[in-house]
Amino acid sequence: MWPCAYGRDPARAAFQRKVCRVGRCWQRPVRLPPGGCLLDADIVAALEEQVCRAAAAIGIDPATVEPAVRRSDFADYQADLAMGLAKRLGKPPRDIAAALIATGELDDLCAEVAVAGPGFLNLTLADGALSERLIAAARDDRLGVPNHDPTHRVVVDYSAPNVAKEMHVGHLRSTVIGDAIVRLLDFLGHEVIPQNHVGDWGTPFGMLIEQLIEDGEQATAERLSVGELGSFYQRANERFTSDPDFAERARRRVVALQAGDEETLRRWQLLVDASERYFSRVYDDLEVRLTPEDLAPESRYNPALPQVVRDLESLGLAVESEGALCVYPEGSTGRDDRPLPLIVRKRDGGYGYATTDLAAVRHRTDDLDADWLIYVVGAPQAQHLAMVFQASREAGWLGDDVRVDHTAFGSVLGDNGKMLKTRSGKPIRLADLLDEAVQRARTLIEEKDPDLPADEREQLARAVGIGAVKYADLSSDRLKDYTFAWDRMLSLQGNTAPYLQYAHTRIRSVLRRAGAEEVLPPADVIHVADPAERALALQLLGFGATLDQAAELLQPHRICTYLFDLASTFTTFYEACPVLKAGSAELVASRLTLCALTGRTLAAGLALLGIRAPARM
RNA sequence: GCCCUCGUAGCUCAGGGGAUAGAGCACCGGUUUCCUAAACCGGGUGUCGCAGGUUCGAAUCCUGCCGAGGGCGCCA
């Protein structure tokens, strides 16, 4: 294809700079296997490189052009760079496009390159190039998706429930989105460190511990472990507001807790332990990867807080105001354009969550040595986090080489357009929501497939019900609010988990019939003559690029959109192209390979979202 | 008052500067001697909130306005 001396190749160097343009090499440059040709299934990257090469050949510095290759309605792909070059070169864009074609650089991969419209380059791939890459992907455990290069050490902060407080739909979003991001970045080769920033400290623990004393330790621990957190918290709160004696005891209890009183700490620990047992159960039900090892609760930072404050003072960043110690990060203003404070030490000498968050940043960069911090936290926290990040930058705790993202998400709304609540206006317990999801899935399965053995039905109900809830949460842009609707998310039609799961089982069924379910050596050649075959082939080869984009933008919904398109494209193929009854043995093998690759890609994509792909439904 | 986010088909949503803005639902019609009909195929929908600007080209980038939600000092 082209020489191996990539390091000195100006077109490649320029192309790599191009893909790194986001700033700090967060995007993946094309990886070069030792053999010197691209095994990477990502054909867009290969085409872009050839376009850069063509640009260089007509005397354009490839570092200064955007190859702009994308899927096209008019050909397999299109490159849109000629129009942008017209003014610079003082030539009509169609002439430039023609000159790019004339270099012959695109001939390796393309059977046909044509100028269209104002100067689009319509690229039609050579069948051989498609076939070759499909076979490489089919042979590869990773479906032709290379590791990201360079890889990063990434802290993902997500879920973050509160001790002795019910988990609700807000935690659902953080947990599900965070889990998908963890799985995705892990798959792409990054070293991922999940951090569950559990809320286990603060003033409410005074009343919670007093309530524990009133209810009895044994009984409270038992109730909390099985998820009766909401009623416990509520009772404590009611006592606190209605009984001045209780409130006074609670206030004294906070002081004792902060002072490290042993007996108080023991009771606090009891609340923490019982709650964490419950969280683990919910995580198991949700089928997310979070484990007790990932716990990094707020209290763990307590010992570091005085030092954080001392350092901020000695750096001259923290100043006293109205008795409190404040940092004023650049760029944040509140009412009357006054700078907004981050209160790092309260008037009473205590520390709030800002200080804890600063300590956490420090721990993650210094001790965990992360160079990428991801906070999967609701959108309302945007200003707070921006201030924490800015203060950390100013304090030198976040270097320029560390990327930080607030991966914000919107609210879950009911069908009334308001925040999802029960009819009585209370927040919906996450655990109840999951139970209902499984129950609804079970009912559907009983209707459609009454003969299924009970244990299989239960497994399936879990896979479908939990998958539906998670997929509904992941499939639209996380930043927007989303409307929760059982019927939509459990539908077999549309962009839903059950639809994808069903598409996957249909594929598995074909493979079963072919006796090829376990091992399927790929065909020697993949036929892409039929438009439906070709469309499927092109879609399959876009998997890696989709994952890269989803990871770069931290948008799991891009994976969903891709998988739905893949399933739709497959369906069209499946209708148009007989597989087992194709004309020749060769064609059967080719189409079976397409089926197998599609099935594996669907399963892999769903797995990255934390959703199971059962073999039968 | 200031700041942030959102506004795309009747509904739920895709669309990160490119050609004619796309799906699903809903609605209408069709498909089962045929690889899972829990499915599939066909049928028409738009002042991309409004107005300017940048650009060869804007749903996409910038500014202003309107509408919705959220945030703005010691809760986390």
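Within every chain, numbering begins at 1; the chains are lettered A, B, ... in the order of the sequence lines, protein sequences first and strands thereafter.
Whole-Å rounding puts the A/Ile559 CD1 to B/rG15 P distance at 13 Å. What separates NE2 of A/His406 from P of B/rU5 is a distance of 12 Å, to the nearest Å. At whole-Å resolution of the value, CZ in A/Phe564 and P in B/rA23 are 10 Å apart. Atom P of nucleotide B/rG73 and atom CZ of A/Arg338 are separated by 9 Å, given to the nearest angstrom. When rounded to the nearest whole Å, the span between CG of A/Asn495 and P of B/rG22 equals 18 Å. Rounding to whole angstrom units, NE2 of residue A/His557 and P of B/rA23 are separated by 17 Å. Look at CG on A/Leu413: it is 15 Å from P on B/rC6, rounded to the nearest Å. The CZ atom of A/Arg88 sits 17 Å away from the P atom of B/rU55 (whole-angstrom rounding).
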A/His384 vs A/Tyr353, test: side-chain contact (heavy atoms from CB on, under 4.5 Å). Steps then yes/no. CA-CA 10 Å; A/His384 166 71; A/Tyr353 74 136; 3.3 Å; yes
The test is ring-ring contact (aromatic ring centres under 6.0 Å, His included); show your working for A/Tyr502 and A/Tyr499 and say whether it passes. CA-CA 5 Å; A/Tyr502 183 67; A/Tyr499 174 78; 7.9 Å; no
Please determine whether salt bridge (Lys or Arg N to Asp or Glu O under 4.0 Å) holds for the pair A/Arg347 and A/Glu322, giving the CA-CA distance in whole Å, both sets of side-chain angles, and the decisive distance to 0.1 Å. CA-CA 8 Å; A/Arg347 194 172 2 199; A/Glu322 298 172 37; 5.6 Å; no
Could you walk me through whether A/Phe120 and A/Phe74 pass ring-ring contact (aromatic ring centres under 6.0 Å, His included), step by step? CA-CA 10 Å; A/Phe120 297 107; A/Phe74 304 91; 7.7 Å; no
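Residue-level contact check: A/Arg71 touches neither bases nor backbone, having no heavy atom under 4.0 Å from any strand. Across all strands, A/Ser72 comes closer than 4.0 Å to base atoms (heavy-atom distances). Residue-level contact check: A/Thr496 touches neither bases nor backbone, having no heavy atom under 4.0 Å from any strand. Here A/Asp415 lies out of heavy-atom contact (under 4.0 Å) with every strand. Heavy atoms of A/Pro578 sit under 4.0 angstrom from at least one base atom. No engagement by A/Tyr562 is indicated, since no non-hydrogen atom pair under 4.0 Å with the nucleic acid exists. Here A/Pro380 lies in heavy-atom contact (under 4.0 Å) with sugar-phosphate atoms only. Residue-level contact check: A/Asp477 touches the backbone only, with heavy atoms under 4.0 Å from sugar-phosphate atoms and none from bases. The residue A/Tyr574 sits close to a base: some heavy atom pair falls under 4.0 Å. Using a 4.0 Å heavy-atom criterion, one finds that A/Cys326 contacts the bases of the nucleic acid, with or without backbone contacts as well. Residue A/Ala116 is classed as a base contact, given a heavy-atom separation below 4.0 Å to a base. In this structure, A/Gln381 reaches the bases: a heavy-atom distance under 4.0 Å links it to at least one base atom across the strands shown. Contact annotation for A/Arg513: backbone-only contact, meaning every heavy-atom pair under 4.0 Å involves sugar-phosphate atoms and none involves a base. Counting any heavy atom pair closer than 4.0 Å across all strands shown, A/Leu580 reaches a base atom.
The C1' atoms of B/rU60 and B/rC48 are separated by 10 Å, rounded to the nearest whole Å. Remark: the separation of the C1' atoms in B/rC27 and B/rG44 is 11 Å, to the nearest Å. Distance noted for atom P between B/rC62 and B/rC4: 11 Å (whole Å). Going from the P atom of B/rU47 to that of B/rA21 covers 13 Å, rounded to whole Å.
Look at A/Arg335 and you won't find any side-chain N or O under 4.0 angstrom from OP1 or OP2 of B/rG71. For A/Arg512 and B/rC35, the shortest distance from a side-chain N or O to OP1 or OP2 is not below 4.0 Å. One finds no side-chain N or O of A/Arg488 lying less than 4.0 angstrom from the OP1 or OP2 phosphate oxygen of B/rC11. Contact check, A/Tyr499 against B/rC40: a side-chain N or O comes under 4.0 Å of OP1 or OP2. Side-chain N/O atoms of A/Thr483 include one lying less than 4.0 angstrom from OP1 or OP2 on B/rC13. At the phosphate of B/rG18, neither OP1 nor OP2 sits under 4.0 Å from any side-chain N or O atom of A/Gln78. The shortest distance between the side-chain N/O atoms of A/Lys480 and the OP1/OP2 oxygens of B/rC13 is not below 4.0 Å. At the phosphate of B/rC4, neither OP1 nor OP2 sits under 4.0 Å from any side-chain N or O atom of A/Gln383.
In RNA chain B, consecutive stretches of 3 or more Watson-Crick or G-U wobble pairs with both distances under 3.5 Å are given as paired ranges: B:1-7 with B:66-72, B:10-13 with B:22-25, B:27-31 with B:39-43, B:49-53 with B:61-65.
Both geometric conditions, a ring-centre gap below 5.5 Å and a plane tilt below 30°, are not fulfilled together for A/Tyr353 over the base of B/rC75. B/rA19 has its base stacked against the ring of A/Phe120, the centroids being under 5.5 angstrom apart at an interplanar angle below 30°.
Using the six-membered ring where Trp is involved, A/His168 and A/His171 have ring planes that are tilted, between 30° and 60° apart.
Scanning both residues, A/Leu511 and A/Ala596, for their nearest heavy atoms gives CD1-CA, 3.9 Å.
By the 6.0 Å contact criterion, CD on A/Glu586 is open, its count of non-hydrogen atoms from other residues, nucleotides or ligands being 12 or less. Atom CD of A/Glu458 sits in a crowded spot, with more than 12 heavy atoms from other residues, nucleotides or ligands closer than 6.0 Å.
RNA chain B is contacted by no residue of residues 456-475 of chain A, taking any non-hydrogen atom closer than 4.0 Å. A heavy atom lying under 4.0 Å from RNA chain B marks the following residues of residues 438-451 of chain A, by number: A/Ile445, A/Lys448.
Comparing A/Arg345 and A/Phe74 by the nucleotide of RNA chain B whose heavy atom lies nearest to each, the residue mapping closer to the 5' end is A/Phe74.
Under 3.5 Å, the side chain of A/Ser321 and the base of B/rG73 form at least one donor-acceptor pair of N or O atoms. Counting atom types as modelled, A/Asp565 pairs no side-chain N or O with a base atom of B/rA14 as donor and acceptor under 3.5 Å.
Of the listed residues (A/Phe409, A/Phe389, A/Tyr158), just one forms a ring pair (Phe, Tyr, Trp, His ring centres under 6.0 Å) with A/Tyr375, and that residue is A/Phe389.
For A/Tyr351 and A/Asn302, the side-chain atoms include no donor-acceptor pair closer than 3.5 Å. For the residue pair A/Arg88 / A/Thr64, a side-chain donor-acceptor distance below 3.5 Å is found, with atom types taken as modelled. A donor atom on one side chain and an acceptor atom on the other are not found under 3.5 Å apart for A/Gln459 and A/Arg462. Counting only N and O atoms by type, the side chains of A/Gln439 and A/Thr443 include a donor and acceptor under 3.5 Å apart.
With hydrogens and angles disregarded, a donor-acceptor distance shorter than 3.5 Å links the side chain of A/Arg173 to the backbone of A/Gly410. In terms of modelled atom types and a separation under 3.5 Å, the side chain of A/Ser332 and the main chain of A/Tyr328 share no donor-acceptor contact.
Taking the side chain as every heavy atom from C-beta outward, A/Ile559 and A/Leu547 approach each other to under 4.5 Å.
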